Amino acid sequence: MSEFLENMNERQAEAIQATEGPLLVMAGAGSGKTRVLTHRIAYLVSKGVNPYNILAITFTNKAAAEMKERTEQLVGRQAYRIWISTFHAMCVRILRQNIEHLGYGSDFGIIDDADQISVIKDVMRSLNMDPKLRPPKYFLARISEAKNKLQFPGDLKLENLTDKDVGEVYERYQAILVQNNRVDFDDLLLLTVRLLREQPEVLAFYQDKFQYIHVDEYQDTNHAQYNIVKLLADKHRNICVVGDSDQSIYSWRGADVGNILSFEKDYADAKIIKLEQNYRSKQMILDAANDVIKHNYSMYEKKLFSDLGEGSKVRLYNASAGDEEVRHVLREIKKLSEDKYRFGDCTILYRTNSQSRLFEQTLRMANIPFRIVGGMSYFKRKEIKDIIAYLRLILSIDMNPDDLSFLRIVNEPKRGIGATSIERLRGEAGMAEASLFDTISETLDILGSTAINRLMHFKRLIQELASVVDDYTIGDFIERVLDITGYRNMLIAEETIESLARIDNLEEFKSVAITFEKDILPDLLEEEGSEQKAGDLTTSEKLALLLNDLMLQTDVKEENEEEVEEGEDNKVTLMTIHAAKGLEFPVVFIVGFEEGLFPIYSAVEEGGDAIDEERRLAYVAITRAKELLYISNSRKRMHNGNYMTNKPSRFLTEIDENRFEVRAPKRSFTLASNAPLPSKQKPKKPVGVVAAKNLGKGQIFSSGDKITHPSFGDGVVVSADGPTVSIAFGAEHGIKKLMASHPAIKKR
DNA sequence: ACACTGTGAGTTTTT
DNA sequence: CTCACAGTGT
């Protein structure tokens, strides 16, 4: 027996050995699908399949990284020859080699959503469209939807005037991208389909290369992704897709469960294997999950079971108000932390991001460490996008100076170059059909001399930096850019909480870049099978590779291991249910389990499929828990400024009541409604004191304290909330938010 | 050119 | 309630 079949259950072993022909693995939550996939790949290699001929596609970078690592543990260094990547990264790789067939340059850049919006805004302005009537976001969503369905501007259905507008915006938007040799995330998929369809020899090459194809989370594929897989698998037909139709929660983003459900139709000889044994949760939790999901129609009904023991009942709590629910969760977390659990074992899951705030505030006040997953992703932060824009502009000025990057940072830090100057420059550049950067010249007669001087100064600054890139390492060059451009000084001078956090983020960026140069780049070249050694590359070449790599990253890697060992990571985790997919936690609190919130109001209105998707979301949430599951809701809560009263979620009634242990104090209706609502006023002084103590830096402020600051002068503390103090300085500086621990703040 | 103030909108977001 | 953005005032 192959070593890769050890400790597998029968179904898993079957999935691993069914290497030839189409295979659909319906893998329930926690059924060990990643393990099956990695062992299947290892099994293939052990059977003599060349790693070069294996492909494994995931959706997230994290999943790809994990699969790569686990595969390497099984088969060693040759794992590097296997393409294990996300859909998007795979497409970039294919397109870099072949995109010239489609009229783009192989050094195409990838545009992110913020830049997409600004292009759409420009387009709308040029078409005299009112952004209030139809916001840029709307057009972007429609364009994305069209691209996912492989539709071009001409393919759009024209049922009303808006559709016509969408078509026009789409057309111009696309033209601008092509002009700038840029593609968006959807283009990566769309262009790959086009390439494979239009270039038979390219298709043949990849069909021959990828003799064994694996797709993870197949239920989340959209139409374009479906087509890519289908095209690639068409010759050898050794296609293994893994997924769970019950965990399809991204239909609103174009994911089509139909893809996994019709797999049998696409491949009549498909083998289908269901993985129902769960290795994650206690049976009670799975029973609750099974109860919920059986209310959805399912083509492949699954019933999860585990041999990890029955476990405790699901703990239910019905609060009368939002903050009471929060206090209950905190109380339970405290109790657990005094018993056999750590803060890091506990996770709070909610339907909408806005629910996090109450928890955040209360946790902070209670001095319980926590982290919020999600929110603004690292690479979307202003300072990160700014430094990337600087680097991109610097690298691009030789060939084709990048307008989008230019516009982003030409006045960041403030150089006195305002909207009027930029508009005039744009007009001139448009006529000359040149880039903005190249259009700047001393003899530009449409601008005043001050504006010209400032622009020229900026131009020289960038040229100067561009001329010395190759004298530095990546890390040192980034350092240099931050210094020379005045970017760092701008942040230092600002001295607000935000600006200091930005400096930290830029430091983090530098270390990401250094890690890339030292560790990732050599691997990358090895993966490509390139003859080149990392040492042979110039800094500009390395930077270009870094920028490409970054565009596909949405998050920084996990915190480094030292921190975890020191217990720094012993924090309660807060996140949306969507963000929790694929993760597991010993203790899970699902909060806001109410009609109107979960299922969310809009889904209740829509009914049908929308409710089914909410139900799948509930299923995902429940199956995240390993040992303890708490579900809570509130009769009344503050939402968007006013109170709303909600009934308990219908999903609760779908679960057999024997699986619950009701924890809420039995209150009669009258008692609850007569009881004074917990007072909302926060005791002002203690808040600041507690927070300051929390930081342990000895700075304790409360409102009214007189302080002095080296650059802002004298001020008075207005409020102290958490680690932040708001201080009123003179009229010149106004109210600033600073960190309580900031050494520059001195009491007078 | 920039800071301030008022208005409007507020599900989820792997790349 | 609170955040983001657009429009106004200096």
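Bear in mind the structure is a predicted one, so any value in this text is a computation, not a measurement.
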Within the structure shown, what part of the strands sits under 4.0 Å from [X] by heavy-atom distance: base, sugar-phosphate, or nothing?
X: T58(A); result: nothing
X: D186(A); result: nothing
X: N61(A); result: sugar-phosphate
X: I577(A); result: nothing
X: K414(A); result: sugar-phosphate
X: A89(A); result: nothing

Could I get the full list of side chain to side chain contact (heavy atoms under 4.5 Å, CB included) partners for A579(A), not counting sequence neighbours?
->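 With neighbours one apart ignored, the set is M575(A), T576(A).
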Partners meeting side chain to side chain contact (heavy atoms under 4.5 Å, CB included) with E605(A) (sequence neighbours left out) |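 Side chain to side chain contact (heavy atoms under 4.5 Å, CB included) list for E605(A), sorted by chain: Y601(A).
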Separation of [N] [atom2] from [X] [atom1] (nearest whole Å):
X: R454(A); N: dA1(B); atom1: CZ; atom2: P; result: 8 Å
X: N148(A); N: dT14(B); atom1: CG; atom2: P; result: 15 Å
X: M67(A); N: dT14(B); atom1: CE; atom2: P; result: 18 Å
X: I372(A); N: dT12(B); atom1: CD1; atom2: P; result: 14 Å
X: Q553(A); N: dT14(B); atom1: CD; atom2: C1'; result: 13 Å
X: Q361(A); N: dT2(C); atom1: CD; atom2: C1'; result: 11 Å
X: I422(A); N: dC2(B); atom1: CD1; atom2: P; result: 11 Å
X: F185(A); N: dT14(B); atom1: CZ; atom2: P; result: 10 Å

Could you walk me through whether R364(A) and E360(A) pass salt bridge (Lys or Arg N to Asp or Glu O under 4.0 Å), step by step?
-> CA-CA 6 Å; R364(A) 186 172 290 132; E360(A) 201 181 329; 3.7 Å; yes
Going by salt bridge (Lys or Arg N to Asp or Glu O under 4.0 Å), name the residues that satisfy it together with [X], two or more places apart in sequence or in a different chain.
X: K149(A); value: E145(A)
X: R381(A); value: none
X: R392(A); value: none
X: K581(A); value: E217(A), D220(A)

Salt bridge (charged side-chain N to carboxylate O under 4.0 Å, His left out) partners of residues 135-144 of chain A, not counting sequence neighbours, each pair once =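 Output for this query lists R142(A)-D163(A).
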Can you list the residues that meet the ring-ring contact (aromatic ring centres under 6.0 Å, His included) rule with F108(A), with sequence neighbours excluded?
->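 Here no residue qualifies.
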Of all residues at least two apart in sequence or in a different chain, which pass the ring-ring contact (aromatic ring centres under 6.0 Å, His included) check with H214(A)?
->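 For H214(A) there are no ring-ring contact (aromatic ring centres under 6.0 Å, His included) partners, ignoring immediate neighbours.
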Spacing of the P atoms in dT12(B) and dC5(C) (rounded, Å) |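 Comparing P positions in dC5(C) and dT12(B) gives a spacing of 16 Å.
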Sticking with atom P, work out how far dT13(B) lies from dA4(C), rounded to a whole angstrom.
->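 That atom pair is separated by 16 Å.
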Are Y250(A) and the base of dT12(B) stacked, counting only ring centres nearer than 5.5 Å and planes tilted under 30°?
->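 Stack criterion not met.
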Residues of residues 134-146 of chain A with any non-hydrogen atom less than 4.0 angstrom from an atom of DNA chain B: list those, numerically ordered, please.
->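 Result for residues 134-146 of chain A: none.
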Please answer whether the main-chain N or O of I440(A) pairs with a side-chain N or O of K459(A) as donor and acceptor at a distance below 3.5 Å.
->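 A pair under 3.5 Å: yes.
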Donor-acceptor under 3.5 Å (N633(A) side chain, F593(A) main chain) =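 Yes.
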Have Q219(A) and Y250(A) got a donor and an acceptor in their side chains that come within less than 3.5 Å?
->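 Y250(A) and Q219(A) do not have a side-chain donor-acceptor pair below 3.5 Å.
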Contact nearer the 5' end of DNA chain B, comparing N411(A) with T576(A) =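 The residue mapped nearer the 5' terminus is N411(A).
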Counting side-chain heavy atoms from C-beta on, which of dC3(C), dA1(B), dT14(B) comes nearest to D220(A)?
->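 In terms of side-chain proximity for D220(A), the closest of dC3(C), dA1(B), dT14(B) is dT14(B).
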Looking at S354(A), does any N or O in its side chain come under 4.0 Å of the phosphate oxygens OP1/OP2 on dC1(C)?
->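 Looking at the OP1 and OP2 atoms of dC1(C), neither is under 4.0 Å from any side-chain N or O of S354(A).
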How would nucleotides 6-11 of chain B be written as a contact map, 5' to 3', with B for base contact, S for sugar-phosphate-only contact and - for no contact, using protein heavy atoms under 4.0 Å?
-> ----BB
Is there any protein nitrogen or oxygen under 3.5 Å from a nitrogen or oxygen in nucleotides 4-10 of chain C, and what are the pairs?
none

